[in-house]
Amino acid sequence: QVQLVESGGGLVQPGGSLRLSCVASGSIFRINAASWYRQAPGKERELVAALTTGGSTNYAGFVKGRFTISKDNAKNTVYLQMDNLKPEDTAVYYCKGRIQRAASWSSNDYWGQGTQVAVSS
């Protein structure tokens, strides 16, 4: 019954900012790790940012210094703060969460449905 729902996408001008949210619902103990992917038309899905169980972060080279991934366990929410957006950032952005469910010893990966980000003037 775990579900991830992304929000915060939309149309923004180059140089603008957006904050994407990914809210997990259901019988959840915690989000152990999370990541954001994106997929542009005609291109493969690519990793944008990752947050490990230990709290470290990793970013793709094309977003370093511009994007920040974070997590709020109390709200079961993962964020992607995107600053200085560029037209090439246009894509559908997907949240993936490694979630430990309540009363479970193990964690499983769940995907959100995606949210569209368009950067254009």
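Just so it is clear, the values below take in all heavy atoms, side chains as well, and ignore hydrogens, waters and symmetry mates. Everything numeric in this text was worked out from a predicted model, so none of it was measured.
Taking CD from Gln1 and OG from Ser27, the interatomic distance works out to 7.5 Å, rounded to the nearest 0.5 Å. The structure places CD of Gln13 at 8.5 Å from OG of Ser120, a figure rounded to the nearest 0.5 Å. Going from atom OG1 of Thr53 over to atom NZ of Lys71 covers 7.5 Å, rounded to the nearest 0.5 Å. To the nearest 0.5 angstrom, Asn84 atom CG is 7.5 Å from Ser17 atom OG. From Leu20, atom CG reaches atom OH of Tyr93 across 7.5 Å, with rounding to the nearest 0.5 Å. The CG atom of Asp83 sits 6.5 Å away from the OG1 atom of Thr68 when rounded to the nearest 0.5 Å.
The shortest non-hydrogen separation linking Ile31 to Thr77 is CD1-N, 4.1 Å. Pairing each heavy atom of Val92 with each of Gln116, the nearest pair is CG2-OE1, 3.3 Å. The two atoms that bring Ala49 and Leu80 nearest to each other are CB-CD1, 4.2 Å, heavy atoms only.
Between Val23 and Ser7 there is no side-chain heavy-atom pair separated by less than 4.5 Å. Side-chain atoms of Leu85 and Phe67, non-hydrogen and from C-beta on, do get closer than 4.5 Å to each other.
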Please walk me through it: do Phe62 and Glu46 pass side-chain contact (heavy atoms from CB on, under 4.5 Å)? CA-CA 11 Å; Phe62 48 81; Glu46 60 186 356; 3.5 Å; yes
Evaluation steps, side-chain contact (heavy atoms from CB on, under 4.5 Å), between Val117 and Leu18: CA-CA 9 Å; Val117 172; Leu18 287 173; 3.9 Å; yes
Would you please test Ser107 and Ile99 for side-chain contact (heavy atoms from CB on, under 4.5 Å) and show each step? CA-CA 5 Å; Ser107 300; Ile99 297 174; over 6 Å; no
Given the rule in the side-chain contact (heavy atoms from CB on, under 4.5 Å) test, do Lys43 and Arg38 qualify, once you have shown the distances and angles that lead to the verdict? CA-CA 10 Å; Lys43 299 183 65 176; Arg38 71 185 187 188; 6.0 Å; no
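When hydrophobic clusters are built by joining Ile, Leu, Val, Met, Phe, Trp and Tyr residues whose side-chain heavy atoms come closer than 4.5 Å, directly or via intermediates, Val63 is grouped together with Val78. At a threshold of 4.5 Å between side-chain heavy atoms, the hydrophobic network of Ile, Leu, Val, Met, Phe, Trp and Tyr places Tyr79 and Trp36 in two separate groups. Two different hydrophobic clusters hold Val5 and Ile28 under the rule that ILVMFWY side chains link at heavy-atom gaps under 4.5 Å. Cluster membership for Val12 and Met82, using ILVMFWY side-chain heavy atoms within less than 4.5 angstrom, is shared. No chain of hydrophobic side-chain contacts below 4.5 Å, direct or via other Ile, Leu, Val, Met, Phe, Trp or Tyr residues, connects Tyr94 to Val2.
Residue pairs meeting the salt bridge (Lys or Arg N to Asp or Glu O under 4.0 Å) criterion with at least one partner in residues 15-34, sequence neighbours excluded, are absent. Here disulfide bond (SG atoms under 2.5 Å apart) pairs that include residues 20-115, with residues two or more places apart or in two chains, are Cys22-Cys95.
For the pairing with Asn58, the side-chain contact (heavy atoms from CB on, under 4.5 Å) check across Ile69, Leu51, Thr52 returns one residue only, Thr52.
The 12-atom threshold is exceeded at CD of Glu88, counting heavy atoms of other residues, nucleotides or ligands nearer than 6.0 Å. Residue Arg98 qualifies as open at atom CZ: its count of foreign heavy atoms under 6.0 Å is 12 or below.
A distance-only check finds no donor-acceptor pair linking the side chain of Gln3 to the backbone of Ser25 [under 3.5 Å]. Between the side chain of Gln39 and the backbone N or O of Ala91 there is no donor-acceptor pair closer than 3.5 Å. At distances below 3.5 Å, at least one donor-acceptor pair connects side-chain atoms of Thr90 with backbone N or O atoms of Val119.
Side-chain contact, Asn73 with Lys75: no donor N or O sits under 3.5 Å from an acceptor N or O.
Tyr37 and Trp111 have their aromatic ring centers within a separation under 6.0 angstrom.
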